[in-house]
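What follows is one structure encoded as structure tokens, with my remarks underneath.
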2 protein chains.
Amino acid sequence: MELELTDVSALACCPPMVDEALTEAAAVDLARGFKALGDPVRLRLLSMIAARGGNEVCVCDLTDAFAVKGPTISHHLRVLREAGLIDCERRGTWVYYWVIPSALAPLSQLLDTSALTPTA
Amino acid sequence: MELELTDVSALACCPPMVDEALTEAAAVDLARGFKALGDPVRLRLLSMIAARGGNEVCVCDLTDAFAVKGPTISHHLRVLREAGLIDCERRGTWVYYWVIPSALAPLSQLLDTSALTPTA
DNA sequence: TCTCTGTCTTGACGGTTATCGAATCAAGGA
DNA sequence: TCCTTGATTCGATAACCGTCAAGACAGAGA
């Protein structure tokens with residue numbers, strides 16, 4: 001399970017873009033995260049993992065919910081992991097995944113528009 | 001300027017995914033938005049447009065900030081527009097773009113993790 | 001009308017990505 | 001030790017995407 005992981009700490013620094021435009025470097029970092037979210041299968045995989053809160057999800061519970069085959073699920077989980085959005089651990093026969101909230105937070109904050117619509 | 005635009009209203013319906021996993025249909029819709037954000041040039045373009053708040057930005061003010069050529073800027077602006085994240089209008093010689101906050105909001109809310117980290 | 005400037009579209013090229021079958025690896029149990 | 005099950009990796013293929021040069025279009029001004 002050796003992968004090149006995105007440095008999450010570098011992302012935890014982002015005011016809403018309605019307040020301040022991104023630098024080129026910040027855009028490269030953050031776009032990596034959004035790109036990982038830009039596939040329907042990956043986005044739903046992440047949501048199924050995240051919906052367990054801090055708990056974990058077994059891959060075996062994910063695969064059945066999708067039309068795509070096992071290797072494709074593995075591929076998408078790897079992309080999410082390389083983006084630093086999730087992590088995993090093998091315990092016995094099964095592999096468990098969980099979400100990394102500190103990686104999601106900057107992405108959410110960047111898109112926050114509450115400064116434009118104060119009463120919405 | 002006739003394009004197929006994503007229906008924004010269909011997106012304005014999304015609780016954080018830490019509370020509830022996405023349906024397949026919702027994932028397809030939302031992934032379209034994230035996919036548009038998944039390129040460094042596009043993300044920075046959007047941030048430069050959004051940073052003006054409700055005001056508009058002339059394309060001529062965007063082009064100089066990037067290494068890529070005019071057609072590439074046009075292409076990325078079109079992708080952002082087809083995703084429903086921005087809109088534009090021509091006035092005289094110049095074309096002005098502005099952000100659509102109601103399209104950004106659901107994406108931000110979906111990634112909100114405050115329910116997991118109450119005091120962060 | 002012609003010309004100039006700003007923006008977009010077209011067409012093409014090279015690189016990337018999603019997907020799957022087959023093979024591989026990891027762990028448990030017979 | 002062998003077999004079975006869960007998950008990943010490998011290799012190949014088809015589709016997609018970012019980029020640019022060249023050309024087209026829109027509007028302003030002479």
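The structure displayed is predicted, hence computed values, not measured ones. Proteins get letters first, then strands, A, B, ... in listed order; numbering begins at 1 in each.
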**Request:** Heavy atoms under 4.0 Å is the rule here; annotate nucleotides 25-30 of chain C 5' to 3' with B where the base is hit, S where only the sugar-phosphate is, and - elsewhere.
**Result:** -SSS--
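For the segment residues 35-47 of chain A, no residue has any heavy atom less than 4.0 angstrom from an atom of DNA chain D. Applying a 4.0 Å cut-off to non-hydrogen atoms, the residues of residues 57-73 of chain B that approach DNA chain D are B:Val68, B:Lys69, B:Pro71, B:Thr72, listed by residue number.
In the set D:dG18, D:dA7, C:dA18, the nucleotide with an atom closest to the side chain of A:Val95 is D:dA7.
Contact annotation: B:His76 side-chain N/O to D:dC17 OP1/OP2 distance is not under 4.0 Å. At C:dT7, none of the side-chain N or O atoms of B:Tyr97 fall inside 4.0 Å of OP1 or OP2 (strictly under the cut-off).
For B:Thr93, the side chain to side chain contact (heavy atoms under 4.5 Å, CB included) criterion is met by no residue, not counting sequence neighbours. Residues satisfying the side chain to side chain contact (heavy atoms under 4.5 Å, CB included) test with A:Ala51, not counting sequence neighbours, are B:Ala21.
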Residues 55-64 of chain A side chain polar contacts: donor-acceptor under 3.5 Å, at least two apart:
{"residue": "A:Glu56", "atom": "OE1", "partner": "A:Arg91", "partner atom": "NH2", "Å": "2.7"}
{"residue": "A:Thr63", "atom": "OG1", "partner": "A:Val59", "partner atom": "O", "Å": "3.1"}

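The closest donor-acceptor contact from the side chain of B:Ser47 to the backbone of A:Met17 lies at 3.5 Å or more, if one exists at all. For A:Arg81 (side chain) and A:Asp87 (main-chain N/O), no donor-acceptor pair under 3.5 Å exists by modelled atom type. A donor-acceptor contact shorter than 3.5 Å is absent between the side chain of B:Thr113 and the backbone of B:Leu116. Judged by distance alone, the side chain of A:Arg42 and the main-chain N or O of A:Arg44 form no donor-acceptor pair under 3.5 Å.
Separation of atoms CH2 (A:Trp98) and CD1 (A:Ile86) is listed at 9.5 Å; rounding is to 0.5 Å.
The interatomic distance linking A:Tyr96 (OH) with D:dA7 (P) rounds to 9 Å, in whole Å. In this structure, B:His75 atom NE2 and D:dA21 atom P are separated by 16 Å, rounded to whole Å.
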